[in-house]
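Data first, discussion second: the structure below is written as structure tokens.
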Amino acid sequence: MHWLAKNVALTVGVAILRFMLRAVERRIAARGTRPASDPAERWLAVTVNAAPETVAADPQVRRLQDVPGLKVRLTPAPGGRSTEIAARFTGDALAGRTGPLSRIAGRDPRQPVRRALRNTKSMLETGEVLRTEPTRPRTPGGRFMAALARRSGGEGRL
Amino acid sequence: MKALCWQGVNELGVERVPDPAVLNDQDAIVRVRASATCGSDLHLIGGYIPAMQAGDVLGHEFIGEVVETGPGVRRLGVGDRVVVCSVVACGRCRYCEDGLWSLCDNGNPNSGMGAALWGYETGGLYGYSHATGGFRGSHAEYVRVPFADYGAFPVPDGIDDDAAVFASDAVPTGWMGAELGGVTGGDTVAVWGAGAVGQMAAWSAGQLGAERVIVIDRLRDRLDMAQRHLGVETIDYTATDVGAELRERTGGRGPDVCIEAVGMEAHGTGPQHVYDKVKQLLRLETDRPQAAREAVMACRKGGSVFLLGVFVGLVDKFPLGAVMNKGLTVRGAQQHGQRYIPMLLERMAEGALQTRHLATHTMPLRRGAEAYELFKEKRDGCVRAVLHP
Ligand SMILES: NC(=O)c1ccc[n+]([C@@H]2O[C@H](COP(=O)([O-])OP(=O)(O)OC[C@H]3O[C@@H](n4cnc5c(N)ncnc54)[C@H](O)[C@@H]3O)[C@@H](O)[C@H]2O)c1
Ligand SMILES: [Zn+2]
Ligand SMILES: [Zn+2]
């Protein structure tokens, strides 16, 4: 029970933080030339230090391109050294599944996409996805931290 | 195996933890020969850096012997005596290729935490909280070393463990401060903090052509050590007004480059220090930036300030106006060690760089908690305690 409460608190914390960041982003967007958009519809993107042909030929990228309702875009990054992979759900693929509650439940369809983008980048650049050593949480604080670390893996500025 | 663990704020103890294993193909397992205390650990021990978990193994400045390599390790071999950079970085992302190793895109599996704190996540660090990857530290019998071909460097024979160990963290950190701080021929450089990091920054400044180097601290034994081993000038900040003293010594100009090697737990003398202590206690600011403020104020017009000291979050009463109006360049970074370590090991082998004196205390790992007590309180002239498993 205790653990569950912590876990919920933590996810809500992350969600609130993200919400705040989004609010700021929207304000910035509103000031710029670009119209404010629904944050759920934003492109999630990573830049890979590899040529567009290499990225396009990667089996993980292909798999991402096959996800129903997911639009994937490959663009050479400015400067010609790397490639941007961006992904965005279209249509009603996200309908009602992007709120904080879906996030707590790990049911927001963007969560696996974020992780896949990150992992694809790491595989293409280094040939592996770095793993962490298991921890053995033994205090409520430790369990909280372990859960936060687990949850933070697929997140980040994406 | 045995390891020195963080058990809670200001609580350390040696515990039995599972032996590390190869988890990724490019990992190596290193048997630790020596592992040093670093000022950065104090920020973790004191609870100023969040994201620690009871049972986390501390330590990130270390030397050891490779005992196992994953199938993806090419350059390193079993039996190599290596110094390992405290930063975990892949060597192949854009940041690593540009020499900014501590900003590696692929070295930190817990990406979300750094992004929440700083806007973007940074690379990984050994034994330095879950925000920088949750990697187990080196105050242990064995350590897992990810991206081993990029982070572990064979040590030339003839440099003993207790000297070479500092090529892992303190020396490259100091070098980075002087180099990226832009030290060039004829400069006057001021360094805040006479710990191992500050001393190595002072040495590096001299190597890069500084004509005068002035080290600032309040600990007499450390200032004396810097004077004796590095031939630098010193200022005891409790005995004088640092800004006025620097102006006087620099013909009224101020130092060209100011290197801050103190960090978020700076001590101070005036009311500003009391103010910072209270705010930090109430968590209204995360860091006490006394030395950073002083460096910004003391720096000459158009000069450069480099922050080597670790800061995690928000500070108060930072003289931003001085940065803007004096046209300063302010930079900082966790060290990009992989870029400097081979060159620094060479200088050690040639005898141009001496570090052995920094290891004021050598102790067995089982006395780790006591070592940190000495180091934290700066008792008995402790500059670095080196632990031997
Ligand atoms: N950037 C990096 O990659 C990196 C690497 C290693 C260490 N560090 C950081 O560098 C800092 C120094 O590390 P260290 O191992 O030398 O620590 P240390 O604790 O041995 O030394 C800090 C020194 O600063 C002095 N000091 C405190 N307040 C001062 C003030 N107001 N003015 C001048 N001196 C003051 C202390 O007396 C002490 O001698 C720490 O913050 C550490 O976290 C950063
Ligand atoms: Zn350190
Ligand atoms: Zn990298």
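We name chains A, B, ... by the order of the sequence lines, and we start the count at 1 in each one. In this text the structure is predicted, and so the values were computed from the model without any measurement.
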- [ ] Identify the residues of residues 20-29 of chain B whose heavy atoms come closer than 4.5 Å to a heavy atom of chain A, ordered by number, or report 'none'.
- [x] B:P20, B:L23, B:N24, B:D25, B:Q26
Task: Contact listing (chain A partner; residues 91-102 of chain B; heavy atom under 4.5 Å) - done: B:R92, B:C93, B:R94, B:E97, B:D98
TODO: Locate the shortest heavy-atom distance separating B:P109 from A:T132; write the atom from each residue and the value.
DONE: CG-CG2, 3.5 Å
Open item on the list: Among residues at least two apart in sequence or on other chains, which ones pass side-chain hydrogen bond (donor to acceptor under 3.5 Å, both in side chains) with B:E65?
Closed with: B:R31
Open item on the list: Does atom CZ (B:R366) have a neighbourhood of more than 12 heavy atoms from anything else shown, all under 6.0 Å?
Closed with: no
Open item on the list: Are more than 12 heavy atoms, taken from residues, nucleotides or ligands other than B:K279, located less than 6.0 Å from that residue's NZ atom?
Closed with: yes
Task: Heavy-atom contacts under 4.5 Å, residues 56-80 of chain A to chain B - done: none
Task: Spacing of B:N106 atom CG and A:K121 atom NZ [to the nearest 0.5 Å] - done: 5.5 Å
- [ ] Determine whether B:R136 and A:T135 make a side-chain contact, defined as any pair of heavy atoms from C-beta on separated by less than 4.5 Å.
- [x] no
Open item on the list: Side chains of B:F135 and A:L130, heavy atoms from C-beta outward: is any pair under 4.5 Å?
Closed with: yes
TODO: Measure B:V88 against the heavy atoms of chain A and call it side chain, backbone, both or neither at under 4.5 Å.
DONE: side chain
Task: Heavy-atom proximity to chain B below 4.5 Å, by part of A:V129 - done: backbone
- [ ] Under 4.5 Å heavy-atom distance to chain B, tell me which part of A:R131 shows up: side chain, backbone, both or neither.
- [x] both
- [ ] Heavy atoms only, distances under 4.5 angstrom: which of B:A54, B:S129, B:C90 has the most pairs with chain A? Name it, please.
- [x] B:A54
- [ ] Mind ranking B:G134, B:P146, B:A51 by heavy-atom pairs under 4.5 Å with chain A and telling me who comes out on top?
- [x] B:A51
